[in-house]
2 protein chains.
Amino acid sequence: MRDSHAAEARPYHHGDLRRALIDAARRILEAEGPSALSLRAVAREAGVSPAAPYHHFKDKAELLDAVAAEGWEMLDAAMARAKEQAEPRDKLTALGIAYVCFARENPALYRVMYDAARDKEALPEQMHASEDSAFCKVRDTMIEQGADPESAVELELATTAAWCAAHGLAEMAGFKQFEHLKETLGGEVPFLRAVFGHMGLFPGVRRD
Amino acid sequence: MRDSHAAEARPYHHGDLRRALIDAARRILEAEGPSALSLRAVAREAGVSPAAPYHHFKDKAELLDAVAAEGWEMLDAAMARAKEQAEPRDKLTALGIAYVCFARENPALYRVMYDAARDKEALPEQMHASEDSAFCKVRDTMIEQGADPESAVELELATTAAWCAAHGLAEMAGFKQFEHLKETLGGEVPFLRAVFGHMGLFPGVRRD
DNA sequence: CTGATATCTGGACGACGTAAACATATCTTG
DNA sequence: CAAGATATGTTTACGTCGTCCAGATATCAG
């Protein structure tokens with residue numbers, strides 16, 4: 001059976017329990033929400049004993065970190081796709097819309113992602129550090145749409161502002177208070193565009 | 001002892017356990033953070049048995065709701081104070097700064113406030129409904145600073161955008177990634193002003 | 001004073017996170 | 001290939017949690 005361990009590392013007893021646990025966690029998260037996401041429930045869903053996860057994660061927080069990391073990757077991919085498909089002068093808005101839509105379509109996952117970030121008091125490395133991180137994607141898009149690439153501080157401030165706007169909107173968009181506005185404007189996405197427009201951040205949708 | 005129950009309602013055994021429980025919860029929250037805020041710990045802190053709170057709150061969530069409600073009142077008061085003290089053309093920015101500063105000075109309480117809101121998928125009534133709610137304060141200030149009071153939808157969109165911006169910034173401002181920016185700009189408040197400025201929401205600090 | 005009612009205690013239950021002791025499968029090395 | 005080392009899993013156990021229930025006791029209404 002040399003073929004089954006050809007990859008590079010872990011197929012022992014279960015095959016790849018680490019992977020299975022993360023998947024189980026995601027399944028529970030989607031089906032029953034964050035409050036049902038206990039370590040024991042994850043182990044149950046994966047068909048192992050309650051203590052088994054401790055051979056793959058230091059504690060519950062580390063499992064959630066792994067789930068969150070995959071969430072950030074998904075968000076990053078969604079934003080990349082959105083930027084690609086949008087017309088040049090609409091790319092920044094498209095990034096913002098993609099961000100909020102991801103959060104709205106995966107509310108439980110988004111919550112886990114930010115809970116982990118708040119506990120660490122930092123966004124994950126992958127979102128802010130690397131060359132093609134989502135954060136850099138926003139910055140680069142700002143340059144493409146006319147921001148001055150020389151003034152680094154201004155550029156980082158603008159990117160930060162955009163990120164704050166997207167996160168704030170992602171959390172607010174689910175509140176009942178704004179349903180009336182969504183109806184008036186004809187749907188969720190028009191509502192998002194309108195709010196982003198009022199932020200004055202996104203040249204593509206700037207009014208007047 | 002007729003004097004001790006003169007007020008209007010509740011002094012039975014303990015005096016006013018409901019009040020004492022909320023205070024105990026706030027003390028624990030400030031001293032040990034949200035993760036230490038268990039119902040049993042609150043009862044312990046208040047000097048009663050673990051089951052006693054159930055005569056004043058349906059469950060743990062209802063206690064947290066009460067704590068959150070007081071948090072919103074404090075936030076409202078802080079914003080009112082800020083608006084009062086600011087110069088006319090700086091009032092909107094002052095509201096935003098006050099909002100974020102409150103969240104930064106009471107991170108555990110702010111978290112409880114928004115966790116409760118997320119669970120209910122709504123901001124608390126008190127923040128959005130009444131005449132002098134914080135939300136209306138922002139809207140009114142926008143009018144005072146030149147927004148058109150006739151276009152109700154535009155006005156509500158702008159207010160929503162401002163609220164999203166403040167919340168987003170409140171959550172981001174604690175992340176390590178932005179400490180560098182804070183230093184460059186000479187402190188937290190200048191950082192907040194700069195980000196708000198880049199939002200283009202607050203005429204008082206609009207650049208150029 | 002007497003019952004009704006509001007408030008608190010004590011004990012119990014099941015679920016949780018986690019640790020320790022043990023069992024077994026796989027890897028490594030001689 | 002034999003044999004220890006190591007990685008992976010189970011069982012059992014502990015303390016904490018939210019919550020409920022059965023009393024006890026204090027206050028109130030008549």
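As a basis for the values below, the full set of heavy atoms in this structure was taken, side chains included, without hydrogen atoms, waters or symmetry mates. Below, chain A is the first sequence line, B the second, and so on; all start at residue 1. This structure is a prediction, so every number in the text was calculated from the model and none was measured.
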Nearest of [options] to any side-chain atom of [X]?
X        : options                  : answer
Ala51(A) : dA20(C), dG9(D), dT9(C)  : dA20(C)
Arg40(A) : dC8(C), dA20(C), dA13(D) : dA13(D)
Leu17(A) : dG9(D), dT18(C), dC21(D) : dG9(D)
Lys60(B) : dG18(D), dT10(D), dT9(C) : dG18(D)
His56(A) : dT19(D), dG9(D), dG17(C) : dG9(D)

What is the distance, rounded to the nearest whole Å, between atom [atom1] of [X] and atom [atom2] of [N]?
X        : N       : atom1 : atom2 : value
Asp59(A) : dA20(C) : CG    : P     : 14 Å
Asp16(B) : dC8(C)  : CG    : C1'   : 15 Å
Phe57(A) : dG9(D)  : CZ    : P     : 11 Å
Arg19(B) : dT7(C)  : CZ    : P     : 16 Å
His55(A) : dC22(C) : NE2   : P     : 15 Å
Leu21(B) : dT7(C)  : CG    : P     : 12 Å
Glu32(A) : dA15(C) : CD    : P     : 14 Å
Leu39(A) : dG17(C) : CG    : P     : 5 Å

Practice task
Output yes when Asp115(A) and Arg118(A) qualify as a salt bridge under the 4.0 Å nitrogen-oxygen rule, no when they do not.
Solution key: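 Arg118(A) and Asp115(A): salt-bridged.
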Exercise for the section: In plain terms, say whether Asp23(A) and Arg19(A) are close enough for a salt bridge, that is, a side-chain N and a carboxylate O under 4.0 Å apart. Expected result: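 Yes, this pair counts.
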Practice task
Determine the contact category for Arg44(B): base if any of its heavy atoms lies under 4.0 Å from a base atom, sugar-phosphate if only primed atoms, P, OP1 or OP2 are that close, otherwise nothing.
Solution key: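 Arg44(B): backbone/sugar contact only, no base atoms under 4.0 Å.
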Practice task
Would you classify Ser38(A) as touching base, sugar-phosphate or nothing, given that sugar-phosphate means primed atoms plus P, OP1 and OP2, and contacts are heavy atoms under 4.0 Å?
Solution key: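 Answer is sugar-phosphate: Ser38(A) comes under 4.0 Å of backbone atoms only.
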Practice task
Tell me which of Val48(B) and Ala36(A) sits closer to the 5' end of DNA chain C, going by the nucleotide each one is nearest to.
Solution key: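 Comparing both residues, the 5'-ward one is Val48(B).
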Problem - Test of ring centre spacing under 6.0 Å for Tyr114(B) and Trp72(B) - result: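 That pair passes the under 6.0 Å test.
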Practice task
With rounding to the nearest 0.5 Å, note down the distance linking NE2 in His198(B) to CZ in Arg193(B).
Solution key: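 His198(B) NE2 to Arg193(B) CZ: 14.0 Å, rounded to 0.5 Å.
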Exercise for the section: Kindly compute the distance separating CZ (Arg111(B)) from CG (Asn106(B)), expressed to the nearest 0.5 Å. Expected result: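 Those atoms lie 14.5 Å apart.
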